[in-house]
Number of protein chains: 2
Amino acid sequence: MITLSEVAEAAGVSRSAVSKALLGGGGKTTKVSEKNIIRIRETAARLGYRPNLLAQRLANKRQDIIGVIIDSQCCGLYNNIMSTIEHLTFSSGCRLQVGLVHDSYDAIKKYVDDLLGYNIQSVICLAHYYSFAEQIPPLFKPFKNALFISKPMTEKKFSFVSPDYYAIFYEAVEYLLKLNHRRIVFAKTNYDTYDARVRAQAFHDAHRAYGVEYVEEQIYKENAGEIDTPELMDRFLSDILPLKPDALILGNGIAINWCIRKLRERNLRVPEDISIIGMDDWSGSQAMTPSITVMNNNYREIARQAVQLIQENAKNETPQIKEIFIRGQLVLGESCTRK
Amino acid sequence: MITLSEVAEAAGVSRSAVSKALLGGGGKTTKVSEKNIIRIRETAARLGYRPNLLAQRLANKRQDIIGVIIDSQCCGLYNNIMSTIEHLTFSSGCRLQVGLVHDSYDAIKKYVDDLLGYNIQSVICLAHYYSFAEQIPPLFKPFKNALFISKPMTEKKFSFVSPDYYAIFYEAVEYLLKLNHRRIVFAKTNYDTYDARVRAQAFHDAHRAYGVEYVEEQIYKENAGEIDTPELMDRFLSDILPLKPDALILGNGIAINWCIRKLRERNLRVPEDISIIGMDDWSGSQAMTPSITVMNNNYREIARQAVQLIQENAKNETPQIKEIFIRGQLVLGESCTRK
DNA sequence: CTGAAAGCGCTTACAG
DNA sequence: CTGAAAGCGCTTACAG
């Protein structure tokens with residue numbers, strides 16, 4: 001590896017001059033003549049010089065790096081978010097340092113330590129919806145500029161950009177009620193996460209607003225995560241079909257595929273016998289047969305606002321805490337029909 | 001930020017001692033008494049000391065970091081690969097530095113520069129199947145230890161771990177031919193990538209082995225990428241249905257969903273009228289109705305071997321170049337039937 | 001316009 | 001067992 005000193009020696013100039021000519025360093029006062037700039041550039045190119053980023057960052061502390069902690073399982077779901085974040089930060093000359101974790105508190109803690117060890121003060125957390133959801137936010141206290149995607153489960157104030165889970169869920173339930181559904185089953189989880197809480201609340205509020213009674217069993221809490229295996233789906237259906245549901249609100253595409261398949265085995269058709277709404281949009285929801293009515297969370301907009309906020313705060317000495325909810329929209333498919 | 005020097009001063013010992021007691025540094029000869037170790041640890045904890053990783057890496061050059069360059073669009077497809085890589089490297093005390101790109105030569109080049117600038121010599125590339133596929137591998141020459149997932153398009157020898165696209169594709173075509181299909185259409189792309197090439201070759205070889213003639217149009221080359229929008233699917237079907245195909249080999253789940261939907265609009269059923277095989281497995285392929293026969297590339301095994309090889313090579317001064325093909329397997333669904 | 005010097009926060013080889 | 005010193009490859013403030 002060629003160093004800056006070697007370039008300086010080969011070009012017969014000082015290291016300050018090379019720093020200025022090649023790396024934009026050299027402080028405010030260092031000037032280099034046009035002649036030397038050319039010679040330095042030529043020498044560097046000839047030697048194949050590459051600046052050492054570790055040394056650069058150690059020396060001047062300038063930080064244009066944003067840490068990202070993301071769960072590898074979210075990757076599909078958050079695909080739009082990540083690629084938008086990547087695009088926006090990259091085009092503004094910023095870099096991402098990505099910590100990929102999977103459902104592991106220890107891994108998240110380790111990556112947090114790494115980011116702090118690299119003196120990275122800005123971080124976006126997309127991995128905090130677990131059974132241990134409330135243990136994650138405290139890990140992010142040491143950062144000057146932390147931002148969560150989705151509202152974190154914590155007392156302390158953090159900036160976040162979150163889907164407005166309540167509003168979209170309310171809209172979905174309202175939509176079903178207006179189509180005369182009277183027995184909607186919502187496949188919640190037994191996790192105590194923010195989204196699950198407010199969805200249950202929206203379920204309740206919408207029913208109340210429309211004067212429709214429901215039994216507690218219509219909010220299904222038996223499952224830990226997605227109902228995305230045939231076995232889990234069988235159990236789920238055995239549990240809830242006795243309630244004679246006319247609509248189901250479920251998670252992702254896989255769950256819904258299994259659901260449709262398993263309903264068919266029981267001679268139940270979607271939407272004729274049971275309507276279905278998906279809680280998360282996924283690419284391909286409109287390609288299915290029937291196409292699925294889904295809650296589009298507007299992830300691209302979430303990512304856009306997240307990047308804007310974190311970059312703004314990265315400039316401030318005392319970042320301001322903002323809580324931003326992004327409205328989603330119900331994408332109407334063929335999976336719901338009037339009763 | 002508390003530094004090592006401050007801990008040393010507060011504990012009344014030398015920096016070497018702190019380095020040894022806290023960070024496992026201090027060289028071979030530095031010894032610290034039990035008494036001092038305790039005091040140093042206590043002091044560090046009290047002050048909230050965090051080692052600066054930049055300084056550590058700059059000073060001792062020890063590298064336990066593996067770079068990864070991955071396309072954000074691959075994320076779904078390569079989800080299994082990435083999470084397996086993450087798991088295996090993380091549990092061996094290694095760290096990943098992930099560069100997330102999207103279909104952009106410039107971004108890949110920039111991330112390569114970054115990795116080299118951080119003095120990272122080991123890198124896994126999962127982003128080299130583009131229209132500019134052959135421009136990517138040269139970027140990775142400067143690394144001591146580069147490894148590609150999927151065979152790269154290049155003359156130079158690189159290590160890679162790749163799906164055995166040829167074998168699995170041959171198996172799929174053979175399967176269809178044995179089920180008496182005689183007009184198989186393969187939705188290739190107009191990209192000149194390794195996988196596309198050998199698939200076309202396998203298509204040819206299998207037909208020849210079974211003495212089945214085919215016309216060139218059965219290898220559809222009009223598309224740039226996946227046929228994953230309704231418009232592209234309409235055009236594709238308009239183009240190939242006049243050939244009276246009895247089977248289609250297509251890309252991912254979205255493409256296949258659109259295909260089934262658009263075939264139905266034309267009163268063609270899967271598999272009764274047309275059989276379908278998917279070229280890439282995706283979670284949910286077996287949940288669909290009908291479930292889809294897919295080529296499972298065995299990504300987890302690919303990831304496992306990739307990590308093993310790159311970690312092995314990271315130890316060697318002169319890494320050995322290995323070319324590893326992983327056999328996949330045909331997962332039989334309901335989307336193919338005997339003609 | 002130019003370069004010598006001190007510093008970033010860690011290392012390790014070396015001398016006690 | 002212990003610490004002073006030189007070094008990693010860059011910075012920038014400063015003095016010419």
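Quick caveat: nothing in here was measured; it's all calculated off a predicted structure. Chain naming here is simple, since letters A, B, ... match the order of the sequence lines and numbering starts at 1 in each.
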Mapping A/Lys28 and B/Ser33 to their closest nucleotides on DNA chain D, which lands nearer the 5' end? B/Ser33
For A/Tyr194, give me all partners under ring pair (Phe, Tyr, Trp, His ring centres under 6.0 Å), at least two apart in sequence or on another chain. none
Has [X] got a side-chain N or O lying under 4.0 Å from the OP1 or OP2 atom of [N]?
{"X": "A/Thr3", "N": "D/dG9", "answer": "no"}
{"X": "A/Tyr118", "N": "C/dG9", "answer": "no"}
{"X": "A/Asn60", "N": "C/dC8", "answer": "no"}

Can you tell me the distance, in whole Å, between the [atom1] atom of [X] and the [atom2] atom of [N]?
{"X": "A/Leu54", "N": "D/dT11", "atom1": "CG", "atom2": "P", "value": "13 Å"}
{"X": "A/Ile40", "N": "C/dG3", "atom1": "CD1", "atom2": "C1'", "value": "12 Å"}
{"X": "A/Glu34", "N": "C/dT2", "atom1": "CD", "atom2": "P", "value": "11 Å"}
{"X": "B/Glu9", "N": "D/dG3", "atom1": "CD", "atom2": "P", "value": "13 Å"}
{"X": "A/Arg57", "N": "D/dT12", "atom1": "CZ", "atom2": "P", "value": "15 Å"}
{"X": "B/Asn36", "N": "D/dG3", "atom1": "CG", "atom2": "P", "value": "7 Å"}
{"X": "B/Lys20", "N": "C/dC14", "atom1": "NZ", "atom2": "C1'", "value": "14 Å"}
{"X": "A/Leu58", "N": "D/dC10", "atom1": "CG", "atom2": "P", "value": "12 Å"}

Charged N to carboxylate O under 4.0 angstrom, B/Arg39 versus B/Glu42? no
Ignoring hydrogens and angles, answer whether the base of D/dC10 and the side-chain atoms of A/Ser19 contain a donor-acceptor pair closer than 3.5 Å. no
Counting any heavy atom closer than 4.0 Å, what does B/Leu23 reach on the DNA or RNA strands: base, sugar-phosphate only, or nothing? sugar-phosphate
Using a cut-off of 4.0 Å on non-hydrogen atoms, how would the nucleic acid contact of A/Ser16 be classed: base, sugar-phosphate, or nothing? base
Which listed nucleotide ([options]) is nearest to the side chain of [X]?
{"X": "B/Leu4", "options": "C/dC10, C/dA13, C/dC8", "value": "C/dC10"}
{"X": "A/Thr29", "options": "C/dC14, D/dA13, C/dC10", "value": "D/dA13"}
{"X": "A/Arg15", "options": "D/dT11, C/dT11, D/dC8", "value": "D/dT11"}

Whether the A/Tyr118 and B/Arg57 side chains hold a donor-acceptor pair (N or O, under 3.5 Å, no angle test) is what I'd like checked. yes
Could you provide the dot-bracket string of DNA chain C, using ( ) for intrastrand pairs, [ ] for crossing pairs and | for bases paired to another strand, with Watson-Crick or G-U pairs below 3.5 Å? |||.||||||||.|||
Taking the six-membered ring for Trp and the full ring for Phe, Tyr or His, determine whether the centres of A/Tyr111 and B/Phe90 are under 6.0 Å apart. yes
Answer with yes or no after comparing the ring centroid distance for B/Phe158 and B/Phe160 against a 6.0 Å cut-off, counting only values under it. no
Counterpart residues, salt bridge (Lys or Arg N to Asp or Glu O under 4.0 Å), relative to B/Arg50 (two or more places apart): A/Asp113
Can you measure from CG (B/Asn313) to CG (B/Leu147) and round to the nearest 0.5 angstrom? 8.0 Å
Where do B/Asp195 and B/Thr193 land on the side-chain hydrogen bond (donor to acceptor under 3.5 Å, both in side chains) test, with the steps shown first? CA-CA 6 Å; B/Asp195 59 329; B/Thr193 58; 2.5 Å; yes
Need to verify one output field. Residue with the more 5' nearest nucleotide on DNA chain C, A/Thr30 or B/Tyr49? A/Thr30
